[in-house]
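Data first, discussion second: the structure below is written as structure tokens.
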Amino acid sequence: MSTAVAPRQLNPFLAAYLRNLSTHPLRTKAITTALLQFFQEILASHLAGTPPPRVAKDAPFIFHILARAQVSSKAFKMAAYGFLVSAPVSHTLINALQRAFAGRSGLSARVGMLLASQLIVAPIQIFSYLACAAVINGAKSVDEVLKTVKAGFGKVIRITWMTSPVYTVFAQQFLPAELWVPFFNFMQFLTGTYFNTKIKKMRLEAEAKDKKDKETKKD
């Protein structure tokens, strides 16, 4: 006598998230990206050793607590970037990629889609991320933004090319399809935190160098 296998029960929160992702894809991606960018900025600030934001001595106690926790205006700006720039750009690029390969199947289609993703989609996403992060982290001119993009683009794209195919294949081979979205979000959160930390360290090093040069000129 054979017994039927019960269908996999999804976590209610995951089921609700996937349902919203299906019915309201852009809105759901925008909110998710905004939250991830917010916490990513806070974590990267701690990892990079960024000085906490200055708060007036007579400011409410909660403001001092938030400053120590690195909850700054930059965190809210990165959340705005995630909601208004990152999510819409990624959504548009991925949809265009899927339309370009619609109706195709087989190994050649999968390889072609992976190459297009890495050679077209990823560079656009990285450029927009580095440019916006540079402005949020204090770049005040086009030249400063371009310097940040030039300094970070090669490193970021190399890491993306090394990690993205690996965790994509891992998900396809070892994870059920319903876990792909949260898994990819988690991996992008980790890599994004790493990139943001590197950008902050570059800014701190550049500021320290400028300060040292000014002191040398005075002497």
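One-based numbering along the sequence shown. When reading the values below, keep in mind they use all heavy atoms of this one structure, side chains included, and skip hydrogens, waters and symmetry mates.
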Contact summary for [X] and [Y], nearest pair of heavy atoms:
X: Ala69; Y: His46; value: O-NE2, 3.0 Å
X: Leu130; Y: Thr148; value: O-CG2, 4.3 Å
X: Ala134; Y: Val145; value: CB-CA, 4.2 Å
X: Cys132; Y: Val85; value: SG-CG1, 4.3 Å
X: Phe101; Y: Ala116; value: CE1-CB, 4.1 Å
X: Leu26; Y: Pro88; value: CD1-CA, 3.9 Å

Same cluster or not: are [X] and [Y] linked, directly or through other Ile, Leu, Val, Met, Phe, Trp or Tyr residues, by side-chain heavy atoms under 4.5 angstrom apart?
X: Leu204; Y: Val156; result: no
X: Ile126; Y: Phe189; result: no
X: Val71; Y: Ile136; result: no
X: Ile42; Y: Phe76; result: yes
X: Met187; Y: Ile94; result: no

Short question: side chain of [X], backbone of [Y] - any donor-acceptor pair under 3.5 Å?
X: Ser45; Y: Glu41; result: yes
X: Ser22; Y: Arg19; result: no
X: Thr33; Y: Ala30; result: no

Tell me whether the count of non-hydrogen atoms from other residues, nucleotides or ligands lying under 6.0 Å of [atom1] in [X] goes above 12.
X: Phe39; atom1: CZ; result: no
X: Phe63; atom1: CZ; result: no
X: Phe127; atom1: CZ; result: no

Could you tell me whether the side chain of [Y] reaches within less than 4.5 Å of the side chain of [X], counting heavy atoms only?
X: Phe195; Y: Gln40; result: no
X: Gln188; Y: Leu36; result: no
X: Ser164; Y: Tyr167; result: yes
X: Tyr194; Y: Leu47; result: no
X: Lys29; Y: Thr32; result: no

Separation of [Y] [atom2] from [X] [atom1] (nearest 0.5 Å):
X: Phe61; Y: Leu66; atom1: CZ; atom2: CG; value: 10.0 Å
X: Met78; Y: Asn196; atom1: CE; atom2: CG; value: 5.0 Å
X: Ile157; Y: Met162; atom1: CD1; atom2: CE; value: 11.0 Å
X: Thr168; Y: Gln118; atom1: OG1; atom2: CD; value: 7.0 Å
X: Thr92; Y: Leu97; atom1: OG1; atom2: CG; value: 12.5 Å
X: Leu179; Y: Phe186; atom1: CG; atom2: CZ; value: 13.0 Å

Checklist entry - With sequence neighbours left out, which residue pairs that include part of residues 49-75 fulfil the side chain to side chain donor-acceptor pair (under 3.5 Å) condition? => result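 Every candidate side chain to side chain donor-acceptor pair (under 3.5 Å) pair involving residues 49-75 fails, so no pair, neighbours aside, qualifies.
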
Checklist entry - Do Phe174 and Val169 pass the side-chain contact (heavy atoms from CB on, under 4.5 Å) test, and can you show the C-alpha distance, the side-chain angles, and the key distance before you say yes or no? => result CA-CA 8 Å; Phe174 300 107; Val169 172; over 6 Å; no

Checklist entry - Mind checking what makes side-chain hydrogen bond (donor to acceptor under 3.5 Å, both in side chains) contact with Lys140, not counting sequence neighbours? => result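 Once residues adjacent in sequence are excluded, Lys140 has no partner under the side-chain hydrogen bond (donor to acceptor under 3.5 Å, both in side chains) criterion.
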
